[in-house]
Amino acid sequence: MPRPDPEQILDTALNAISTEANWEAVLDELPAPVYATDPEGRVTYWNRACVEFAGREPVLGHDRWCVTWQLYTTSGERLAHEDCPMAQSIRERRAIRGSVAIAQRPDGSRAAFRPYPTPLFDEHGKFTGAVNMLIDVSDQQAKALADQASRCRRLANAMYDRNTAHVLSSMAEGFERTAKDLGNQP
């Protein structure tokens, strides 16, 4: 079965928000996690898929920028919610594309995702908030991280300088650990 096109799902969400009186019902049926915020980044709506993806129920009006519990970069560094792509989209009033982040759930499991944060404007051009869709890319990200670890190990084995070899081996271990955390590597 082909995967739904993220841009089509996002278009459905944006169209519903701008034209449907009961837009929440449309977003509730989407096959991807979708949530909305007010202009200050406070989460005002999320669909059921968000709860399943994040492993938690967001706190309405309290959670800001994101529905996930904790965020990390693909290199394993902690990513503060106020620095996430949704926060960037709200601050800059523009759609952010092309990034990948890793969400950690309260149970410790992790999932890599591609966010699609998009600002919302009313008919007069006033900024009213933002909508974000999260597409799970754990399989692809785990493979990319495993490939990167393999490259680092090959380079480390080719190095004569012990310090450089050690740094590359440490990098490989970090990539392998993150790939394993995504649940797709032995």
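- For the atom pair L168 CG and E173 CD, the distance stands at 11.5 Å (nearest 0.5 Å).
- Side-chain atoms of T118 and R97 include a donor-acceptor pair closer than 3.5 Å.
- Residues S89 and N132 have side chains not in contact (no heavy-atom distance under 4.5 Å, counting atoms from C-beta outward).
- By the rule that hydrophobic residues join a cluster once side-chain heavy atoms approach within less than 4.5 Å of another member, V59 and V51 end up as members of separate clusters.
- Here the CG atom belonging to L27 is positioned 10.5 Å from the CE atom belonging to M133, to the nearest 0.5 angstrom.
- Going from atom CE of M171 over to atom CG of L155 covers 9.0 Å, rounded to the nearest 0.5 Å.
- When side chains are defined from C-beta on, V167 does not count as touching S170, because their heavy atoms never get closer than 4.5 Å.
- Sorted by first then second residue, the side chain to side chain donor-acceptor pair (under 3.5 Å) pairs that include residues 148-161, not counting sequence neighbours, are Q148-R151, S150-R154, R153-E176, D161-T164.
- Legend: residues meeting side-chain hydrogen bond (donor to acceptor under 3.5 Å, both in side chains) with E82, ordered by chain and number and at least two apart, are absent.
- Taking both residues in full, the closest heavy atoms of T44 and L60 are given as O-CD1, 3.3 Å, listed atom of the first, atom of the second, then distance.
- Qualifying side chain to side chain contact (heavy atoms under 4.5 Å, CB included) partners for R162, counting only residues two or more places apart in sequence or in other chains: none.
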Could you check E77 against Y72 for side-chain hydrogen bond (donor to acceptor under 3.5 Å, both in side chains), going step by step and ending with a plain yes or no? CA-CA 5 Å; E77 297 172 21; Y72 293 85; over 6 Å; no
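- Taken from OG1 in T128 to CG in D122, the straight-line distance is 6.0 Å, to the nearest 0.5 Å.
- Annotation: salt bridge (Lys or Arg N to Asp or Glu O under 4.0 Å) contacts of R91 (sequence neighbours excluded): none.
- With a 4.5 Å cut-off on side-chain heavy atoms, V43 and R64 do not count as touching.
- Note on M86 and V131: separate hydrophobic clusters, where clusters join Ile, Leu, Val, Met, Phe, Trp and Tyr whose side-chain heavy atoms are under 4.5 Å apart, directly or indirectly.
- Remark: D63 engages R56 in a salt bridge, criterion side-chain N to carboxylate O under 4.0 Å.
- Here the closest heavy-atom approach between residue A13 and residue V34 is recorded as CB-CG1, 4.4 Å.
- The distance from atom CG of L71 to atom SG of C66, rounded to the nearest 0.5 Å, is 4.5 Å.
- Scanning all heavy atoms of the two residues, the minimum distance from G41 to I90 falls at CA-CD1, 3.6 Å.
- Using modelled atom types, no side-chain atom of S109 and backbone atom of R105 make a donor-acceptor pair closer than 3.5 Å.
- Distance CD1/I9 to CG/L14: 12.0 Å, rounded to 0.5 Å.
- Residues Y116 and P6 form a side-chain contact, since some pair of their non-hydrogen atoms from C-beta on lies under 4.5 Å apart.
- By the side chain to side chain contact (heavy atoms under 4.5 Å, CB included) test, A112 pairs with V100, I102, V137, S138, Q141, L182, sequence neighbours left out.
- Residues meeting the ring pair (Phe, Tyr, Trp, His ring centres under 6.0 Å) test with W69, sequence neighbours left out: none.
- Sorted by first and then second residue, the ring-ring contact (aromatic ring centres under 6.0 Å, His included) pairs involving residues 91-113 (not counting sequence neighbours) are F53-F113.
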Starting from the C-alpha separation in whole Å, work towards a yes-or-no answer on salt bridge (Lys or Arg N to Asp or Glu O under 4.0 Å) for E57 and R48. CA-CA 9 Å; E57 183 101 10; R48 195 80 208 136; 3.7 Å; yes
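- Listed for the D136 side chain is no donor-acceptor partner under 3.5 Å among the backbone atoms of A111.
- Scanning both residues, F175 and A149, for their nearest heavy atoms gives CB-CB, 3.8 Å.
- By the salt bridge (Lys or Arg N to Asp or Glu O under 4.0 Å) test, R93 pairs with no residue at all, sequence neighbours left out.
- Between A54 and T68, the shortest heavy-atom distance links the atoms CB-CA, 4.1 Å.
- Listed by first and then second residue, the ring-ring contact (aromatic ring centres under 6.0 Å, His included) pairs that reach into residues 20-42 are W23-Y45, sequence neighbours excluded.
- Residues forming a salt bridge (Lys or Arg N to Asp or Glu O under 4.0 Å) with E40 (at least two apart in sequence, or on another chain): R42.
- Using a 4.5 Å heavy-atom threshold, the side chains of S99 and P115 count as touching.
- Put simply, the side chain of N22 reaches to within 4.5 Å of the side chain of E24, judged on heavy atoms.
- Within the structure, ring-ring contact (aromatic ring centres under 6.0 Å, His included) contacts touching residues 76-100 (residues at least two apart or in different chains) do not occur.
- Minimum interatomic distance between P119 and F127 (heavy atoms only, all atoms of both residues): CB-CE1, 3.7 Å.
- Remark: D147 engages K143 in a side-chain hydrogen bond (donor to acceptor under 3.5 Å, both in side chains) (not counting sequence neighbours).
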